Each structure stands twice: as structure tokens, then as C-alpha cells.
Amino acid sequence: MNKTILHWSYLNFKDVPMDLFLYEDLEEVYLKENYISVIPKWLLNITTLKFIHLAGNNLTELPVDIYMLENLEFLDVSNNELRELPNTLGLLLHLQQLNVSGNQLTELPAELSTMRNLEHLNISKNQLKRLPIQLSECLRLNELNVSDNAELLHIPERIANLPMLQSLAADRCALIYLPAALSKFMNHVRIFHNTAINYIPMVYERFYQSFYDNRQKVTPMPISPKGLFWIRELETNSRLLLPVGTRKVYPVPSAENQVTLYDDCLHALQSLNRHLPVYENTALHRLLPEPYMSAHIINGPIARCTTTNCSSCLYTTYYFMVVKRRGSSSKQLFTCNFCTQYCALQWLSSNVKKYYQLDWKISSDNDVDSISE
Ligand SMILES: [Zn+2]
């Protein structure tokens, strides 16, 4: 069976030509780089369509009835003038690739969570300040690009930790720290040039190139430092912000050696989440003994144990290490998170030729960096 493909890009069209209706079994249509400002209602009746390429037009909105294109697998509306996306986009259950890069979006609809077949999502070059936690339900998501959202402070750990995610790009955002709960199966990461960041979790080490080293030009954090968990690293005297949700960290070696009941409890709840999204269950949240617990459950594990053959999820309490590469001119600090002292010592003994540990202490709210070069 021959599928019908129309190549109508670069033709100065101001409207989608009605002739489209004449083609039977139309599956793919390329309308790139025209001057189209509206997706007409009649187009939504061509339900054979699987692929629509409308990049570089003048669209200011997507029709609410877009869900009628029930077989759509690919939608590229990048480089248009979209200010918001309709909630009904989430009803495109077969959609595998969505590109809305280069628009003026400030928010994404939480309803995107129903797109269980979504594999590639490009939301770069917009004005997003936050990502909806519900994106974490797009379990097939393989490629996520959020680069060039200049006010995006945080990628929720639950999203960074999606099971199929292999490629993550978040260059030139305003991230205050890099999510350390990445899957160890990630094979492409571009998450640098976030100028408030002064350390790199070890999970990014294999993606790190020295030209990413922006420690020379770290700019002050765009948020108030109060109430967050900081440590001060004593060799370079820098203050490092630990992932939001951190409550206690132990040095290695440590005289204290304990696993908290609180983290065990979160671990158990998190396992339930595999079967039903408990993080959205408000009844459950009311039952929880501590108010902060909801926030921990919603956000998900904040890191994974750096020992590769362990990779346990970490929630609030962990063993923490700051290291530098031996014999390297780079000043870059790398950090490790461990579930137990055992894992920490195991990692250290197999990496002692490559890295050395730096001392740190917990930093209080009053311990603010002096303003200097
Ligand atoms: Zn471990």
C-alpha cells in the first residue's frame, strides 16, 4: 500500500491549500516555512494524517479540536508564535514526536501526561519557568530537549529519572543544580552553560568536557539562598547547593552510619508508584505523618547511589563526597551520593587513582559568599 506524502514546504502559502482534501489516504504533509497562521478546521477531518510538519509558519495557536487527528504520530510546530498549547493535545494518544521549540510558551499543560507513546519532546527556545511534574508519566519519553528556556530553574527529579530517557538537553537554562537522579542508561546529555552551577554530579562525568568549565564565570543564584541545603567545600571555598529535598548528609568516612526510617518509608511509597501514580493521590498525602513527605514523594528520588552496580534511589539522607580529578588543570568539582558508607568506600577504592576527595562542611544560611571575583 502506497502512502501519500505531500511536499509543500517553502511555497509562500498563507493558508493550508484546500487541495489537500483531494488526496486519498494522506499520511504525511510537509508545510514547512510558509506563512500559514491558522490550522483550518477541515484539516482536522483528515484522520489518516500521521505526520504534520508546520515548522516556521505564523501559527499563534493550535486548534482545541486537534485531538480529532487521532492517528497523528508526528507534529512539528516549531518556530511559530504559539503562546500556549491546548489541554486537548494530550488526547493525541499515538503521538510519538512533538516539537514546539522556538515559540513563546510559558507553561505546558499537565494533560501531556496522557501521551503514553510520546518518545521525543522538544520544548527548547521558549519561556518556560517550570515543567509540569506530570511529564514524568510519559514513560516512553526517550529524548527531552528543554535548552534555551532562560528562566527554567529546576528539572523535577522525577522527570530526569524517566526509565526510557536516553537523551537530555538543558543548555543555557537557569538551573540551580543538575538533577542527580539520572538513569545510568543515559547516553546523551547536554546540560551545561547553566551559569549558576558550580559543581557537576558524577553521573554527568562521562558527558563532561573541560570546555564546559564555567567555574570562572559562575553568576549568583537567581533565587534567595534561604531554606536550601548548602555545603561549603573547603579547598576552593565554594558553596554548593545540594538537591532540594536534602535533609542530612554524611561525610565519608563517617562515625555515624545510619539509614533513616523516613527514607525507607519513601522508598516503599515510591515502589507503589510503579503501579499507580501515588504522587498525585491527595488522600494519601493527607495520611502522611510529616508535611514534607508529600513534597518528597511528588518530586521523586533526588539522586542515585554513585556506585554503578548499586544505583539505589536516594531521598533525603545520603553519604556525600566532593572530588576533583587528579593531575588535571580543570578546577571542576564533581560530587557523589551514596546510599551507605559501604558503597562510598567501594567507589573510592576503585577510583582512587583518578580522583581525590575534598573536605566540606555544612553551610548555614548566614554563611554567604562574600562578593568578590
Ligand atoms: Zn549504594
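A quick note: this is a predicted structure, and the numbers were derived from the prediction, not measured. Whatever order the structure lists ligands and atoms in, that order sets their numbers, starting from 1. Starting from 1, each residue takes its place in the sequence as its number.
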Visitor: What pairs with K361 under salt bridge (charged side-chain N to carboxylate O under 4.0 Å, His left out), at least two apart in sequence or on another chain?
Guide: none
Visitor: Distances under 2.8 Å only: what protein N/O/S atoms are near the Zn ion (ligand 1), ordered by chain and residue?
Guide: C305 SG, C310 SG, C339 SG, C343 SG
Visitor: Are R130 and E107 ion-paired here, with the side-chain N under 4.0 Å from a carboxylate O?
Guide: yes
Visitor: Kindly assign one of parallel, tilted or perpendicular to the pair Y30 and H7, based on the angle between their ring planes and the thresholds 30° and 60°.
Guide: parallel
Visitor: Among residues two or more places apart or on two chains, list those pairs meeting ring-ring contact (aromatic ring centres under 6.0 Å, His included) that have a residue in residues 77-123.
Guide: none
Visitor: Indicate yes or no: does K324 engage E233 in a salt bridge with an N to O separation below 4.0 Å.
Guide: no
Visitor: Cut-off 3.5 Å, no hydrogens considered: what does the side-chain donor-acceptor table look like for residues 50-60, sequence neighbours left out?
Guide:
| unit_1 | atom_1 | unit_2 | atom_2 | d |
| --- | --- | --- | --- | --- |
| H53 | NE2 | D76 | OD2 | 3.4 |
| N57 | OD1 | N34 | N | 3.1 |
| N57 | OD1 | Y35 | N | 3.3 |
| N57 | OD1 | I36 | N | 3.1 |
| N57 | ND2 | L31 | O | 3.0 |
| N57 | ND2 | L54 | O | 2.9 |
| N57 | ND2 | A55 | O | 3.4 |

